[in-house]
Visitor: 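Handing you a structure now.
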Amino acid sequence: KEGKLQEASKLLNEMLKKGYNPNVITYNTLMDGLCKEGHLNEARKLFYEMPNKNVCLNVVTFNVFIDGLCKEGKLDEARKLFYEMPNKNIRPDIVTYSTFIDGLSKEGQWQEATKVIHEMLDKGYTPDVITYTVLVDGLCKEGKLEVARKLLCEMPKHNICPSIITYNAFIDGLCKEGQLQDATVVLHEMLDKGYTPNVITYNAIIDGLCKEGQLQEATKMLHEMLDKGYTPNVITYNAFIDGLCKEGKLQQALGLLDVMVQTGHQPD
RNA sequence: CCUGACCUU
């Protein structure tokens, strides 16, 4: 989690040499780190080496690797693994389903995603807040805002509380469709229900406003954010700078770049 | 002791 994968890999080799037996958790932990640092090939090597070292793969091994593959755009390989799991006597769990459905929806494979969702429900798995969020986000990005809204509203009926991330996904969807007034309505619904928005909530709205050319409104939002004690991040500034550039306000954009640097935010 | 969801270009 500190990104020191070389050191971690060295330790694994040392363990093997000294005759300690790494277990499935050792391998899963390392594979996850490797995937997240973009060393998918190294992770794959471990995945196929585990049986030779007499370590049994478990559902987390598959979950980690399927997620890594999806995030690197290797959906075909992820799919193969997903469908192979039953042959290895490993049942996909709710994490496997959410991970794979997220991967499919991010690649626009909505047909297959729907099939997998039905399989999941047929097998009696109960979607959790993350499964719902994956779906809300995917639907929003497909422009199916009303379906997403319906799902969001149904969650409490199934005793699942939307999280801040669920709301953020929906608010972002509304903003991207230009439904900014609705986005602020949802924001206030959130506040009424006692949720605390975060920088991502504000960024989604600021970006939406900037893209609509409502820069003065966006500025107001930024100040609301600051007043409430939230710190803008590099994405906040980027969204703003992009909005200013697209409105031809290059002087202001450059000015904001200065503010950014002076407030200790590293431009990327 | 390990795994899944949200924001800019």
Side-chain angles (χ1 to χ4, degrees), chain A residues 1 8 12 22-36 43 46-47 50 55 57-71 78 81-82 90 92-106 120 125 127-141 148 151-152 155 160 162-176 183 186-187 190 195 197-211 218 221 225 230 232-246 253 256-257 260 265 267-268:
Chain A
K1 289 195 170 61
L12 175 64
N23 64 13
V24 62
I25 295 180
T26 323
Y27 275 96
N28 291 349
T29 305
L30 196 48
M31 279 181 62
D32 186 48
L34 288 166
C35 287
K36 292 197 165 57
L46 292 182
F47 183 80
M50 288 171 68
V55 179
L57 314 188
N58 65 14
V59 65
V60 177
T61 319
F62 276 87
N63 292 348
V64 163
F65 195 32
I66 288 173
D67 184 54
L69 288 165
C70 287
K71 293 204 166 45
L81 286 174
F82 177 78
I90 297 169
D93 62 10
I94 191 62
V95 175
T96 324
Y97 281 107
S98 302
T99 303
F100 188 45
I101 292 165
D102 187 45
L104 288 168
S105 103
K106 285 189 167 58
M120 175 185 80
Y125 290 96
D128 64 13
V129 59
I130 297 186
T131 321
Y132 273 97
T133 304
V134 163
L135 296 176
V136 167
D137 183 50
L139 288 163
C140 283
K141 291 193 165 65
L151 257 191
L152 180 62
M155 292 176 65
I160 296 164
S163 70
I164 174 75
I165 299 183
T166 323
Y167 275 104
N168 286 348
F170 186 54
I171 287 174
D172 179 59
L174 290 168
C175 289
K176 289 207 165 47
V186 176
L187 174 65
M190 252 179 80
Y195 288 89
N198 60 20
V199 64
I200 295 183
T201 323
Y202 282 102
N203 286 351
I205 296 175
I206 287 172
D207 180 58
L209 289 166
C210 286
K211 288 209 166 48
M221 261 296 176
M225 195 177 159
Y230 296 103
N233 62 17
V234 63
I235 295 183
T236 323
Y237 285 102
N238 288 349
F240 241 110
I241 289 172
D242 183 56
L244 288 164
C245 287
K246 295 210 160 86
L256 200 52
L257 178 64
M260 214 178 148
H265 296 272
D268 62 8

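Throughout, protein chains are lettered first and strands after them, A, B, ... in sequence-line order, and every chain is numbered starting at 1.
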Visitor: Looking at every strand, decide which applies to A:Thr96 at a 4.0 Å heavy-atom threshold: base, sugar-phosphate, or nothing.
Guide: nothing
Visitor: Please identify each residue that fulfils side-chain contact (heavy atoms from CB on, under 4.5 Å) with A:Ile235, with sequence neighbours left out.
Guide: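 A:Ile235 satisfies side-chain contact (heavy atoms from CB on, under 4.5 Å) with A:Asn203, A:Asn233 only.
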Visitor: List for me each residue that meets ring pair (Phe, Tyr, Trp, His ring centres under 6.0 Å) alongside A:Tyr132, sequence neighbours excluded, and say none if there are none.
Guide: none
Visitor: Taking any atom under 4.0 angstrom from a heavy atom of chain A, which nucleotides of RNA chain B are the first and last to qualify, 5' to 3'?
Guide: B:C1 to B:U9
Visitor: For A:Tyr125, which residues count as a ring pair (Phe, Tyr, Trp, His ring centres under 6.0 Å) partner, sequence neighbours excluded?
Guide: A:Tyr97
Visitor: What residues form a side-chain contact (heavy atoms from CB on, under 4.5 Å) with A:Ala239, not counting sequence neighbours?
Guide: A:Asp207
Visitor: State which residues pass salt bridge (charged side-chain N to carboxylate O under 4.0 Å, His left out) with A:Asp93; sequence neighbours excluded, sorted by chain then number.
Guide: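 Per chain and number, A:Asp93 pairs via salt bridge (charged side-chain N to carboxylate O under 4.0 Å, His left out) with no residue.
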Visitor: Just checking A:Asp268: base, sugar-phosphate only, or nothing, at a heavy-atom cut-off of under 4.0 Å?
Guide: nothing
Visitor: Tell me every residue that passes side-chain contact (heavy atoms from CB on, under 4.5 Å) with A:Lys141, counting only those two or more places apart in sequence or in another chain.
Guide: A:Asp137, A:Asp172
Visitor: What residues from residues 60-70 of chain A pass a heavy-atom cutoff of under 4.0 Å to RNA chain B?
Guide: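 The answer is A:Val60, A:Asn63, A:Val64, A:Asp67.
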Visitor: Tell me what A:Lys1 touches on the nucleic acid: a base, only sugar-phosphate, or nothing, going by heavy atoms under 4.0 Å.
Guide: sugar-phosphate
Visitor: Tell me every residue that passes ring pair (Phe, Tyr, Trp, His ring centres under 6.0 Å) with A:Tyr167, counting only those two or more places apart in sequence or in another chain.
Guide: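 Scan of A:Tyr167 (ring pair (Phe, Tyr, Trp, His ring centres under 6.0 Å), adjacent residues dropped) gives A:Tyr195.
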Visitor: Hey, can you tell me if A:Phe62 and A:Phe47 have their rings parallel, tilted or perpendicular (30° and 60° cut-offs)?
Guide: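 It falls in the perpendicular class, over 60°.
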